[in-house]
Structures are given as C-alpha cells and as structure tokens.
Amino acid sequence: QLRLVESGGGLVQPGGSLRLSCAASGFTLDYHAIGWFRQAPGKEREGVSCISSSGASTKYADSVKGRFTIFRDTAKNTVYMQMNSLKPEDTAVYYCAGSPACGDTYASGSWYPNLLDFASWGPGTQVTVSS
C-alpha cells in the first residue's frame, strides 16, 4: 500500500526556515514523482514544488522559487522541502503526494499541476509563519 507521511511543520517567525519531510512507504521514489502542495484557510490547494522520479528535474511555483528547495534521499525513501525566507503568506497546511510525473503545465510561468494526477496524499503538516 502506497503511503506518504509529512512532518516538520511548526511555528516560525518571518524570515525563518523550516525543513519538511515526506516519508514514503510501500513504493520506491525511483518510480514516482513527488509533489509538495499547500492549502491556506479559505483557499484552494496549490502546487508548491515537485521532484521527478529520476530526481533530475524539479519544478516550483513562482511564489516560492528561490526560497524553497525540494530534494530527496533515496536511501531513506524520503523527499524534503527546505523552506527559507518564510513569509506570513506561506502559512498553510502542507501536503505531499505522488504521481508518475510532475507534469509540464505552467500558468504565467509558474508550475501549475493537475491535482487529480496526484495520489496517496499524506495527512498534511501545519506551517505557521507569524511574529
């Protein structure tokens, strides 16, 4: 059974950093792209970043480009997202999910995934950026 579990969320001040983890079980990362998504109160879930099944390609939403970095450790079967220079608007529940590929759809130059292409959603981890 494919399973993803997020961890690493918390409360951080603006300008601070957090590292989120997405631990996979029941499958190996070599055959799945993993995406990070977030949903703020009253807003739709949106794609944040994605790493391909080979690990060679990454994609980011414009809103996090240059501040967030997605990477993985195949030995631990875990995908991470390093979040730096956090802003209050980054406050949301963050989820990871798997897909055969990240997808190549963009909107105004920003990675714009079809959420229906992703499955095995984790329960999410709360990130709150506030002073």
Side-chain angles (χ1 to χ4, degrees):
Q1 182 178 0
L2 309 184
R3 187 165 179 252
L4 295 168
V5 178
E6 306 91 343
S7 63
L11 173 64
V12 63
Q13 292 187 341
S17 298
L18 281 175
R19 178 176 292 183
L20 304 185
S21 300
C22 173
S25 61
F27 67 98
T28 64
L29 298 178
D30 290 338
Y31 300 101
H32 291 81
I34 300 295
W36 280 101
F37 304 81
R38 66 186 181 186
Q39 187 165 18
K43 294 188 176 181
E44 293 185 352
R45 192 169 298 189
E46 63 176 357
V48 177
S49 67
C50 189
I51 187 165
S52 65
S53 57
S54 69
S57 175
T58 56
K59 298 181 187 294
Y60 298 92
D62 266 358
S63 58
V64 306
K65 208 173 289 184
R67 300 188 298 122
F68 292 9
T69 303
I70 187 171
F71 61 100
R72 69 183 193 178
D73 184 335
T74 54
K76 296 182 178 179
N77 219 32
T78 299
V79 173
Y80 303 92
M81 185 165 68
Q82 178 68 38
M83 306 188 298
N84 298 329
S85 302
L86 283 162
K87 305 175 181 179
E89 51 263 43
D90 294 318
T91 296
V93 178
Y94 283 72
Y95 304 88
C96 60
S99 177
C102 292
D104 291 318
T105 301
Y106 289 83
S108 302
S110 182
W111 178 59
Y112 192 75
N114 183 347
L115 271 59
L116 295 178
D117 291 338
F118 287 79
S120 303
W121 292 84
T125 185
Q126 175 71 48
V127 171
T128 302
V129 185
S130 175
S131 55

Minimum heavy-atom separation for [X] to [Y], with atom names?
X: Pro123; Y: Val5; value: CD-CA, 4.3 Å
X: Phe37; Y: Gly47; value: CD2-CA, 3.4 Å
X: Asp117; Y: Ser99; value: O-OG, 3.0 Å
X: Ser131; Y: Pro14; value: N-CD, 3.7 Å
X: Pro113; Y: Phe118; value: CB-CE1, 4.0 Å
X: Pro100; Y: Ser53; value: O-OG, 4.5 Å

- Carefully, step by step, assess Val48 and Met81 under the rule side-chain contact (heavy atoms from CB on, under 4.5 Å). CA-CA 10 Å; Val48 177; Met81 185 165 68; 3.9 Å; yes
- Classify the ring geometry between Trp121 and Tyr95 as parallel (under 30°), tilted (30 to 60°) or perpendicular (over 60°).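 Perpendicular: the ring planes of Trp121 and Tyr95 meet at over 60°.
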Distance in Å, [X] [atom1] paired with [Y] [atom2], rounded so as to fall on 0.5 Å steps:
X: Cys102; Y: Trp111; atom1: SG; atom2: CH2; answer: 6.0 Å
X: Ser21; Y: Gln82; atom1: OG; atom2: CD; answer: 10.0 Å
X: Ile51; Y: Ser57; atom1: CD1; atom2: OG; answer: 8.5 Å
X: Cys22; Y: Leu4; atom1: SG; atom2: CG; answer: 4.0 Å

Do [X] and [Y] have side chains that approach each other closer than 4.5 Å (heavy atoms only, starting at C-beta)?
X: Arg45; Y: Leu115; value: yes
X: Ser49; Y: Tyr60; value: yes
X: Leu20; Y: Val127; value: yes

- Check Asp104, Thr105, Ile70 against Lys59 for a side-chain contact (heavy atoms from CB on, under 4.5 Å) and give me the one that passes.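 Answer to the side-chain contact (heavy atoms from CB on, under 4.5 Å) test with Lys59 among Asp104, Thr105, Ile70: Asp104.
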Connecting only ILVMFWY residues whose side-chain heavy atoms lie within less than 4.5 Å of each other, what is the rest of [X]'s hydrophobic cluster?
X: Tyr80; result: Phe71
X: Tyr112; result: none
X: Leu11; result: none

- Please assess Thr91 against Gln126 for the test side-chain contact (heavy atoms from CB on, under 4.5 Å), listing each intermediate value before the final yes or no. CA-CA 8 Å; Thr91 296; Gln126 175 71 48; 4.0 Å; yes
- Only counting residues at least two apart or in another chain, list the ones meeting side-chain hydrogen bond (donor to acceptor under 3.5 Å, both in side chains) with Thr74.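 side-chain hydrogen bond (donor to acceptor under 3.5 Å, both in side chains) check on Thr74 returns nothing, list empty.
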- Task: Report the residues that fulfil side-chain hydrogen bond (donor to acceptor under 3.5 Å, both in side chains) with Tyr94, sequence neighbours left out, ordered by chain and then residue number.
- Result: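 Per chain and number, Tyr94 pairs via side-chain hydrogen bond (donor to acceptor under 3.5 Å, both in side chains) with Arg38.
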- Task: Count the heavy atoms belonging to other residues, nucleotides or ligands that lie under 6.0 Å from NZ of Lys65, then report whether that count exceeds 12.
- Result: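 Enclosed.
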- Within 6.0 angstrom of Glu44 CD, more than 12 heavy atoms from elsewhere: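 Atom CD in Glu44 is not packed in, count stays at 12 or less.
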Under 3.5 Å, is there a donor-acceptor pair between the side chain of [X] and the main chain of [Y]?
X: Asn77; Y: Ala23; result: no
X: Glu6; Y: Thr125; result: no
X: Ser110; Y: Ala107; result: no

- Same hydrophobic cluster for Trp36 and Leu2, using side-chain heavy-atom links shorter than 4.5 Å among ILVMFWY?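 The answer is yes; both residues are in one hydrophobic cluster.
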- Query: Is it true that the side chains of Ser54 and Ser52 contain a donor and an acceptor less than 3.5 Å apart?
  - Reply: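 Per modelled atom types, Ser54 and Ser52 side chains form a pair under 3.5 Å.
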- Message: Ser85: which residues meet the side chain to side chain contact (heavy atoms under 4.5 Å, CB included) condition with it, sequence neighbours left out?
- Response: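 For Ser85 the side chain to side chain contact (heavy atoms under 4.5 Å, CB included) partners, ignoring immediate neighbours, are Arg67.
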